[in-house]
Amino acid sequence: MDNSEVAAVFHEIADLLEIQGVSFRPQAYRRAAQNIGQMDDPLLDVMKDGELEELPGIGKAMARTIQELLETGELEYLKTLRAEVPSGLLELIRIPNVGPKTAMLLHRELGISSLEQLKKAIDEHRLAAMKGLGEKTEERIRQGILLVEASIGRTLLGEALPIAEAYMEHLRGSNGMMMSVAGSLRRGKDTVGDIDILVGSDDPAAIMDAFISYPLVDAVIASGSTKSSVRLKGGMQVDIRAVAPGSYGAAQQYFTGSKEHNVALRRIGVEKGLKLNEYGLFERDSGREVASATEEDVYRALGFPLIPPELREGSGEIEAALNGALPELINEDQVLGDFHVHTDWSDGANTIDEMVASAIAKGYEFVAITDHSQSLRIANGLTPERLNDQVRKVREADERADGRIRVLAGSEVDIKVDGSLDFPDDVLMDLDVVIGSVHSRFQMDKREMTARVVNAIESGMIDILGHPTGRLLGQRAPYEIDLPAVLDAAAMNGVCVEINSFPDRLDLKAEDCRTAKGLGVKVSIGTDSHGIEHMDFIRLGVITARRGWLEAKDVLNTYSAPEVLKTLRSRR
DNA sequence: GCCGTTTTCGGCCCGACTGTTTTCAGTCG
């Protein structure tokens, strides 16, 4: 049992205890789970060294729990808890606006112990009539269910990519065969339904064998000579398709999609007397092969430059390619820094020095330290006094870096309900970079929320609007806001909008980035890192920027440290 | 169940919001 599995058990214990109405112990288990999840060393090694109790949040009892799990793979305590709480209640508390108390109430009063039963009860209007609930609560829960169901069967890009890459590593073995992801994953959609892998090989049978014998496979759904599907532990479906190396480019094009893009491309082929399929591009009359080895060949033969996968959504990329107006998309190696990084001064896991070292290791020219402000108590937000102390530490870290990197002093300051900022102006003036973010009162009406955010933008005190729509993929819809109005205000005031690279945010989303670019608003990419391992999320932000048609010049992160500082300082 | 520069018991980030209530319970971040 590895660390993440132990962490998962601890989360389940916390859920089960919460449903039972136990206080404080759930938080203890969650804190422990989080710490275990962030560890580098395997728990097994720590246990062998007899140092489990040295871990933060782990005492005698949890050390014993971990030992039992590692040695037997099971846990008596968990079995006991599971016997006490119907398993269906665990899925009920995943629904927004349904917590442990409501789940237990529904179980006790209406005998509900599954999502299906809850939906039926809502259809029959049985919640509204209950004591303690009512019409509005019933409606809120109904909306919550819709949100959860919309995300079922989809996996975050940031989760699917590493799964796909590890799988391909397993398949590739020693020889460097042609292989890549395809489908929506290759196009970089923020969530994907499954993982598609494409292989170019003369020996597909061997690949198929390796594919279905991957250790993480839970069930083989289909297994053929050139095409197979499996379901992994954890539920993700993975499809593989093998073609001859000579057809690899055409197959890549075909299986990357999107459907709309391919339809448009084939239509253009027809006009030229050509036929396009996964094996190649052919003359319609003679059947002669025109192109197939590389994607670039296929596109060129149709009269286009290579259209990057991220643009292939049938949203104007064909026309742009025909007019020679495709953007020169930003690349990850053009990103020179990260604008959104938390430390252990607020709710991050690592110190300033550790985050800076990580940024240096990534080859950055600059990194901004942006911890939370005082109102966000849950995240240990900084008071003006603590911020003042932190700025001094950041300046010292900058000195110590001795030119290897510029460390920028910043803050992710809360935009309060009235649009004012959580620090007075004179405090903000001391900072190199200020991100303004909404973290409270998400359910304001559209007019109020728009006014709130525009007010913050017009204060002249923020450089970047953080996660501008507040969405959490699969968990929370974006808040009601007039985004074009917000982007207009950003353009007028020279404020950047963020692409928050955290896997469940990716906010702004790609389509909105394109709108921002059209209005002349610059985009800043920030990882929102709460630990060094999050800094690699920058990649997800870059993919999102690419899907939003952004070029290097549209993204503040591609500017050199002196240019960045000049841009930021000119604003206040 | 964990933890300790208020320390071995008694706290535990806690305030805002909503809907259901006449003073509060549940959820969220």
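Convention: sequence-line order gives letters A, B, ...; per-chain numbering from 1.
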With a non-hydrogen cut-off below 4.0 angstrom, is S440(A) in contact with a base, only sugar-phosphate, or nothing?
->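 Nothing: the residue S440(A), judged by heavy atoms under 4.0 Å, touches no strand.
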At under 4.0 Å between heavy atoms, what does P26(A) touch on the DNA or RNA strands: base, sugar-phosphate, or nothing?
-> nothing
Does R476(A) put a side-chain nitrogen or oxygen below 4.0 Å from OP1 or OP2 of dC28(B)?
->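 The answer is no; no side-chain N or O of R476(A) sits under 4.0 Å from OP1 or OP2.
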Closest listed nucleotide, where the reference is the side chain of F442(A) and the choices are dC2(B), dT27(B), dG29(B) = dG29(B)
To the side chain of A28(A), which of dC2(B), dG29(B), dC28(B) is closest?
->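 Minimum distance to the A28(A) side chain belongs to dC2(B).
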What's the [atom1]-[atom2] distance between [X] and [N], to the nearest Å?
X: H372(A); N: dG29(B); atom1: NE2; atom2: P; answer: 13 Å
X: E109(A); N: dG26(B); atom1: CD; atom2: P; answer: 12 Å
X: R30(A); N: dG29(B); atom1: CZ; atom2: P; answer: 13 Å
X: L78(A); N: dG1(B); atom1: CG; atom2: P; answer: 13 Å
X: I95(A); N: dT27(B); atom1: CD1; atom2: C1'; answer: 14 Å
X: Y479(A); N: dC28(B); atom1: OH; atom2: C1'; answer: 16 Å
X: E412(A); N: dG29(B); atom1: CD; atom2: C1'; answer: 13 Å
X: L17(A); N: dC2(B); atom1: CG; atom2: C1'; answer: 14 Å

Can R441(A) and D418(A) be said to form a salt bridge (charged side-chain N to carboxylate O under 4.0 Å, His left out), step by step?
-> CA-CA 11 Å; R441(A) 275 295 300 273; D418(A) 60 358; over 6 Å; no
Applying the side-chain hydrogen bond (donor to acceptor under 3.5 Å, both in side chains) test to D414(A), which of Q374(A), H372(A), H439(A) qualifies?
-> H439(A)
Parallel, tilted or perpendicular: ring planes of F537(A) versus F502(A), cut at 30 and 60 degrees |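 F537(A) and F502(A): perpendicular rings.
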For DNA chain B, whose closest nucleotide is more 5', that of A103(A) or that of Y77(A)?
->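 Of the two residues, Y77(A) wins.
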Taking the [atom1] atom of each, how far is [N] from [M], in whole Å?
N: dC9(B); M: dC14(B); atom1: C1'; result: 22 Å
N: dC17(B); M: dC12(B); atom1: P; result: 22 Å
N: dT20(B); M: dG26(B); atom1: C1'; result: 10 Å
N: dA16(B); M: dG10(B); atom1: P; result: 29 Å
N: dT21(B); M: dA25(B); atom1: C1'; result: 9 Å
N: dC2(B); M: dT8(B); atom1: C1'; result: 12 Å
N: dC13(B); M: dC3(B); atom1: P; result: 13 Å

In Watson-Crick or G-U wobble terms, with both distances under 3.5 Å, the base opposite dG10(B) is dC3(B)
Evaluation steps, side chain to side chain donor-acceptor pair (under 3.5 Å), between E498(A) and H467(A) = CA-CA 6 Å; E498(A) 180 179 67; H467(A) 42 74; 5.3 Å; no
Please confirm whether the backbone N or O of E51(A) pairs with a side-chain atom of D49(A), one donor and one acceptor, at under 3.5 Å?
-> no
Are more than 12 heavy atoms from other residues, nucleotides or ligands located less than 6.0 Å from atom NZ of K517(A)?
-> yes
Does a side-chain N-to-carboxylate-O contact under 4.0 Å join E165(A) and R539(A)?
->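 Here E165(A) pairs with R539(A) in a salt bridge, since their nearest N and O are under 4.0 Å apart.
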Do the charged groups of E149(A) and K119(A) touch, with an N to O distance under 4.0 Å?
->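 Judged by the 4.0 Å cut-off on N to carboxylate O distance, E149(A) and K119(A) do form a salt bridge.
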Classify every nucleotide of nucleotides 13-23 of chain B by which part a protein heavy atom approaches to under 4.0 Å, writing B for the base, S for the sugar-phosphate alone and - for neither, in 5'-to-3' order.
-> B-S-SSSSS--
